[in-house]
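Here the structure comes first, spelled out in structure tokens, and everything after it is commentary.
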Amino acid sequence: MTRDWPAFANAKAGIRPGVRYLDGGWQSLVDQLLVIASDRGVEVVETAARSVRPTDGSTDVTTDAGTWHAASVVLAAGGPGAAASLLPTR
């Protein structure tokens with residue numbers, strides 16, 4: 001069954017040039033993603049990431065609570081500089 005999620009439509013529209021605003025703010029997008037993730041059995045971990053390292057076909061995310069191995073990761077790091085500080089240097 002395919003669902004029509006407004007957050008995905010807004011995100012898809014946001015890829016085009018120009019400024020678009022998300023009706024209901026970014027929290028509405030986060031709330032819908034959490035519902036979808038929960039429906040699909042995704043583990044959501046709300047903790048500070050210390051590092052993000054790509055491995056063979058997956059990603060290791062290290063936090064104070066341990067290390068998670070995942071095929072996909074969504075990070076809300078707070079900005080480009082914060083995200084860059086989590087990634088390995090080249």
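This one's a predicted model, so the numbers in the text were calculated from it and none came from an experiment.
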Show me the donor-acceptor pairs within less than 3.5 Å that the side chains of residues 67-83 make with the rest of the protein, sequence neighbours left out.
from, atom 1, to, atom 2, distance (Å)
Thr67, OG1, Thr62, OG1, 3.2
His69, ND1, Asp60, OD1, 2.5

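Taking every heavy atom of both residues into account, Ala48 and Thr63 meet most closely at O-CB, 3.3 Å. Scanning both residues, Ser28 and Gly25, for their nearest heavy atoms gives OG-O, 2.7 Å.
Proximity of a side-chain donor or acceptor of Ser38 to a complementary backbone N or O of Val35 within less than 3.5 Å is not detected.
Side-chain atoms of Asp31 and Leu33, non-hydrogen and from C-beta on, never get closer than 4.5 Å to each other. Counting heavy atoms from C-beta outward, Arg50 and Leu86 have side chains that stay 4.5 Å or more apart.
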